[in-house]
Amino acid sequence: MKPAEVRARERLGQAPPSLEVDGLTFAYPDGHPALRGVGLRVERGERVALLGPNGAGKTTLVLHLNGILTAAQGSVRVAGLPVGAPHLHEIRRRVGIVFQDPDDQLFMPTVAEDVAFGPANFGVPTDQLAARVDAALAAVDMTGHRDRSPLHLSGGQRRRVALATVLACEPEILVLDEPSSNLDPVARRELADVLGRLDATMLMVTHDLPYALQLCPRSIVLDDGVVVADGPTRELLRDPDLLRRHRLELPYGFTL
Amino acid sequence: MGAGHAHPLHLPGTSPVHRMPAEVKIVAAVLLVVCVVATPREAFPVFGGFLLLLGAVWVAAGIPPGWIARRAVIELPFVVLAVLLPFTGEAPTVVWLGVTLSEPGLLGAWNILVKGTLGVLTSLTLAATTPMRELLHGMARLHAPTLVVTIATLMLRYVDVIVAEAGRMRVARISRGHDPRFLWQVGATARGVGALFLRSYERGERVHLAMLSRGWTGRMPQLQPGRTSAAQWLVGLSPVAAGVALAVTGWVLT
Ligand SMILES: Nc1ncnc2c1ncn2[C@@H]1O[C@H](COP(=O)(O)OP(=O)(O)OP(=O)(O)O)[C@@H](O)[C@H]1O
Ligand SMILES: [Mg+2]
């Protein structure tokens, strides 16, 4: 499918699923296999948690969703568009990735400029940039820090700004790599409020199982490069054998 | 503003010179240097005129001359070269304090010294009043080759990355009891430098991937609206008019 075709179908309300991953296999250049035939499908507006132990391949999978890494075998489609060279820019406009480490994401001298970077690249006219920046910073409650350097913010504040830099691009699919790590309990809850208000399709990588339960009705468990479970979050978290097998653990005292 | 973008040659401020669009300042600086270079070396008083001109810009920009002078030491290697010339140059010679000096060598040294110094001072003035990213935007607006702007942008990014990474690694080393003052621990510092480059490189790569994810196409997007007006060009290039007048005077004098 071509971008124009996708848009035509979207108008007719027959939009293809947000995300289709099929038989995805990938090994890092050092020969380490990270993904071994991953398949999954996320519909429009769905919120899905991606769970799994350290080294399962979650971040590697995320990097395939906007063509940063390219599949050795298998395919990734975003809104019906195959992820690949001809329309990478379009894909990256549709898929917003918030990286695991905010320090990888933030590089401009001020918060406001960093937030403006993405939309400017995606062709938002300069006179509309300020409004985009204001809205994104307001969404993460960081308006007061707009002229500070991201390097001088606390870890949690940086994380919120990193989210704002992606929200400002108004992506259709929001991919978050461990959004709640390093946040204090209040910031963690506030971030959940922010994420809960968004309309975008969401794929959230997390080790924080209660967070997954709170935000995502559906969860996918990835272990050793393959999908080992896919279903309603509550049901998955109620299965102690499944959790144990894949090194997942509910916090002490947490019951469902 | 931190982020290392306030590079060591930058003196933050809000003067009219600071607020002048970067591309105007770049063009003005380049043209002024051309004027300096075009002035015949024998027109000694004219070079004083150039210095006065720069002095006027420093006053307008609120830059203390001492601040500029301290940074002008980057010129020292050229000075060494220039000082050698009178001893190695050809005839005719002059005898000064009993030392035989080559006359063309003397003039050559003076030429390098005075033009080099004025060139360095002009560049420092530009750098002092223009933050790095503004310089990059200015270059982009002047349609400098995309490759040049991209490389400069990436360098800027790596400098930040390396500085931040070095800071983190130093803290981690000190927290584990490393005291860089002890000579026998110099090895740890040296190994740290190696690790620093590797880690900075890897982090730089990840930063680059994150930039790609936000649609980076190798060109810094323009973040603020605003066009450079004809009036700004006129005001910004006025020192160049003075520079041209000085250079012409130089030619008339000699
Ligand atoms: N740049 C790389 N080069 C080689 N191997 C890598 C690289 N990045 C990751 N790997 C390996 O690929 C596997 C999957 O890594 P990945 O980062 O996707 O895991 P993850 O599920 O995100 O883990 P975590 O929960 O710790 O973030 C791991 O075994 C890891 O060691
Ligand atoms: Mg990861």
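We name chains A, B, ... by the order of the sequence lines, and we start the count at 1 in each one.
- Only the side chain of A:Phe99 comes within less than 4.5 Å of a heavy atom in chain B; its backbone stays farther off.
- A:Asp101 touches chain B through its side chain: at least one heavy atom from C-beta onward sits under 4.5 Å away, while N, CA, C and O do not.
- Within a 6.0 Å sphere centred on CD of A:Gln73, heavy atoms belonging to other residues, nucleotides or ligands number 12 at most.
- Under the 3.5 Å distance criterion, the side-chain polar atoms of B:Arg214 are left unmatched by any main-chain donor or acceptor of A:Cys169.
- How far CG of A:Asp114 is from CE of B:Met211: 9.5 Å, rounded to the nearest 0.5 Å.
- Ranking A:Ile68, A:Val124, A:Leu129 against chain B, the residue ahead of the rest is A:Ile68, based on heavy-atom pairs under 4.5 Å.
- Atom OG of B:Ser213 is separated from atom CG of A:Leu65 by 10.0 Å, given to the nearest 0.5 angstrom.
- Contacts with chain B were tallied for A:Asp103, A:Leu88, A:Leu63, A:Val95; A:Asp103 has the most, counting heavy-atom pairs under 4.5 Å.
- Nearest approach of A:His89 to B:Gly215, heavy atoms of both residues: CE1-O, 3.2 Å.
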